[in-house]
Asker: 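Below you will find the structure I want to go over with you.
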Amino acid sequence: FIKCSLQFYFNYLAGIKDADEVEEEVGADTFGIVIHAVLEDIFGETNKEGVITEAILQKQLDTVEKRVKQKFQEKASFTKDSMVGNNLIAQEAAMHYIKIFLQEQIDELENEVLGEKNFEILSLENKEEMLKILPAEFAYQDNQEALSVRLRGIVDRVDKFSQVLRIIDYKTGSVSPEDLKMDEEKFLKIAESKDLSKARQLWLYRYLLLKNLENNPQWEKFKNQPIEAGIYSMRRLDDGLMTLQIAKPKDAKETNSKGLPLDDKEWFLHKTELWLQQIIRNMLDTEQDFQKTDDIETCGYCQYKNICSRD
């Protein structure tokens with residue numbers, strides 16, 4: 001809705017679904033889908049062995065090329081004969097990024113000095129056989145209108161590494177650490193700024209996991225462990241896991257029901273629900289029209305760009 005309210009209308013209100021088109025060249029969306037699918041398979045299979053170690057990941061490096069070729073056929077019906085020119089370059093790039101990423105994961109384990117040199121996948125795209133991140137509910141109240149709102153999301157991966165729960169999102173585009181730093185000025189814009197989409201996504205994932213730690217029995221034993229949320233950018237793997245940086249203002253005046261200052265967790269949940277209220281208020285505002293975004297880059301990945309004459 002924040003990115004493009006007209007796209008939101010077409011998809012969720014009008015119910016206009018993607019047209020089945022034959023893709024002749026690998027687009028950015030297909031490229032991202034293939035990389036996500038390969039990583040999901042690799043970590044889903046390796047996690048059956050228990051914790052993931054350097055040796056396990058090292059073995060997976062040899063499977064990357066075969067996996068990528070299979071996924072281009074499965075996800076976009078690209079045959080061997082169609083993998084020429086730019087398509088072949090895209091396939092080779094996908095193989096390169098995944099190999100570099102797996103090597104980065106191996107290096108991360110090798111360099112660990114505080115804990116064990118392994119990590120455990122707890123949740124992966126909400127797969128049934130792993131821990132599920134259930135929707136979170138909160139009450140929306142505005143004047144005479146009261147609604148029970150359910151917030152859901154599918155997280156690429158949640159793992160436990162060095163006693164920390166890590167919420168992980170993979171991006172095939174470029175992301176910088178600055179994109180994920182939240183200060184007081186950005187707090188005021190998070191409910192409406194398109195530029196904060198990556199930080200907002202991680203913020204909501206963190207909110208979802210915190211609510212599950214509180215209310216979902218599956219996560220009970222992890223309730224007191226620290227959480228971080230971050231992004232691995234395939235174009236900036238040297239930066240490692242870039243994490244969301246949230247600083248609670250020193251002069252925060254919010255208090256709990258006992259009149260005591262909110263701790264960091266209480267403050268985070270409180271702030272999240274405040275700006276979710278603002279977003280929902282905008283969505284329900286009958287005075288606001290659904291408008292197409294002025295960000296042409298967003299349109300490049302939109303299935304409705306032909307309707308908007310943005311092709």
Side-chain angles (χ1 to χ4, degrees), residues 26-80 82-127 129-130 154-162 164-175 228-243:
V26 177
D29 51 348
T30 298
F31 185 75
I33 288 169
V34 166
I35 286 182
H36 277 75
V38 171
L39 292 176
E40 180 182 345
D41 284 355
I42 287 175
F43 287 115
E45 292 171 17
T46 54
N47 202 55
K48 293 175 183 176
E49 301 184 42
V51 294
I52 295 177
T53 64
E54 300 168 40
I56 290 173
L57 292 177
Q58 199 72 48
K59 290 179 183 178
Q60 289 299 322
L61 283 170
D62 295 330
T63 73
V64 170
E65 294 186 10
K66 181 180 179 181
R67 289 180 187 275
V68 169
K69 290 176 182 178
Q70 288 177 338
K71 290 304 177 185
F72 269 110
Q73 291 181 16
E74 292 174 13
K75 300 296 182 182
S77 301
F78 281 105
T79 65
K80 183 178 179 180
S82 64
M83 296 311 291
V84 296
N86 289 336
N87 290 346
L88 182 59
I89 293 172
Q91 180 176 270
E92 294 292 330
M95 294 173 183
H96 173 76
Y97 282 141
I98 293 170
K99 287 180 181 179
I100 295 297
F101 174 68
L102 290 179
Q103 186 59 55
E104 193 279 337
Q105 298 282 272
I106 292 169
D107 294 343
E108 190 172 43
L109 291 175
E110 288 180 346
N111 295 329
E112 172 60 25
V113 294
L114 298 178
E116 297 181 355
K117 293 181 180 292
N118 58 56
F119 59 82
E120 180 185 1
I121 304 289
L122 303 178
S123 182
L124 201 66
E125 300 274 0
N126 251 7
K127 282 179 174 291
E129 61 270 24
M130 297 184 183
I154 298 178
V155 181
D156 288 341
R157 166 177 147 194
V158 179
D159 68 22
K160 182 166 74 72
F161 177 52
S162 193
V164 176
L165 299 186
R166 303 190 305 175
I167 301 163
I168 294 172
D169 188 62
Y170 307 127
K171 297 292 187 194
T172 51
S174 182
V175 181
E228 65 181 20
I231 289 174
Y232 282 114
S233 169
M234 297 298 149
R235 296 178 186 272
R236 295 189 57 155
L237 287 172
D238 286 345
D239 289 319
L241 183 65
M242 294 177 279
T243 57

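What you see is a predicted model, and the numbers here were worked out from it, not measured in a lab.
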Asker: Between Arg235 and Lys171, does a side chain to side chain contact (heavy atoms under 4.5 Å, CB included) hold up when you go through it step by step?
Answerer: CA-CA 8 Å; Arg235 296 178 186 272; Lys171 297 292 187 194; over 6 Å; no
Asker: What's the spacing between Glu110 CD and Glu54 CD if we round to 0.5 Å?
Answerer: 4.5 Å
Asker: For residues Leu57 and Leu61, determine if any side-chain heavy atom of one lies less than 4.5 Å from a side-chain heavy atom of the other.
Answerer: no
Asker: Between Ile168, Ile121, Leu109, which is the residue that forms a side chain to side chain contact (heavy atoms under 4.5 Å, CB included) with Phe161?
Answerer: Leu109
Asker: Donor-acceptor check, side chain of His36 to backbone of Asp156, threshold 3.5 angstrom: yes or no?
Answerer: no
Asker: Check Val175 against Arg236 and note the closest heavy-atom contact, atom names and distance.
Answerer: O-CD, 3.0 Å
Asker: Is any side-chain heavy atom of Glu112 less than 4.5 Å from a side-chain heavy atom of Glu108?
Answerer: no
Asker: Quick one: pull up CG in Asp239 and CD1 in Ile231 and give me the separation to the nearest 0.5 Å.
Answerer: 11.5 Å
Asker: Heavy-atom distance under 4.5 Å between the side chains of Ile35 and Tyr170, does that happen here?
Answerer: no
Asker: CG/Leu237 to CG/Leu102 distance, rounded to the nearest 0.5 angstrom?
Answerer: 10.0 Å
Asker: Which atom pair, heavy atoms only, marks the closest approach of Lys71 to Ala37?
Answerer: CD-CB, 3.9 Å
Asker: Which atom names give the shortest non-hydrogen contact between Ser174 and Ser233, and what distance separates them?
Answerer: CA-OG, 3.7 Å
Asker: Classify the side-chain pair Gln60/Thr46 by whether it contains a donor and acceptor separated by less than 3.5 Å.
Answerer: no
Asker: Minimum heavy-atom separation for Phe31 and Ala94, please, with both atom names.
Answerer: CE1-N, 3.6 Å
Asker: Do the side chains of Lys69 and Met95 get nearer than 4.5 Å, heavy atoms only?
Answerer: yes
Asker: When rounded to the nearest 0.5 angstrom, what distance separates CZ in Phe101 from CE in Met234?
Answerer: 5.0 Å
Asker: For Glu228, check side-chain contact (heavy atoms from CB on, under 4.5 Å) against everything at least two apart and list the hits.
Answerer: Val164, Arg166, Leu241, Thr243
Asker: Atom CD of Glu120 and atom CD1 of Ile52: how far apart are they, to the nearest 0.5 Å?
Answerer: 9.0 Å
Asker: Which pair of heavy atoms, one from Gln58 and one from Ile106, lies closest together, and at what distance?
Answerer: OE1-CD1, 3.4 Å
Asker: Would you say Asp107 and Gln103 are linked by a side-chain donor-acceptor pair, where the criterion is simply a distance under 3.5 Å?
Answerer: yes
Asker: Work out which heavy atom in Gly32 is nearest to a heavy atom in Thr172; give both atom names and the distance.
Answerer: CA-CG2, 3.8 Å
Asker: First locate atom NZ of Lys117, then atom OG1 of Thr53, and finally report the distance between them rounded to the nearest 0.5 Å.
Answerer: 12.0 Å
Asker: Is it the case that over 12 heavy atoms from other parts of the model lie below 6.0 angstrom from the CD1 atom of Ile154?
Answerer: no
Asker: Can you find a heavy atom in the side chain of Glu40 that is under 4.5 Å from one in the side chain of Lys127?
Answerer: yes
Asker: Please determine if Arg157 forms a cation-pi arrangement with Phe119, meaning its NZ or CZ atom is less than 6.0 Å from the six-membered ring centre and no more than 45° off the ring axis.
Answerer: yes
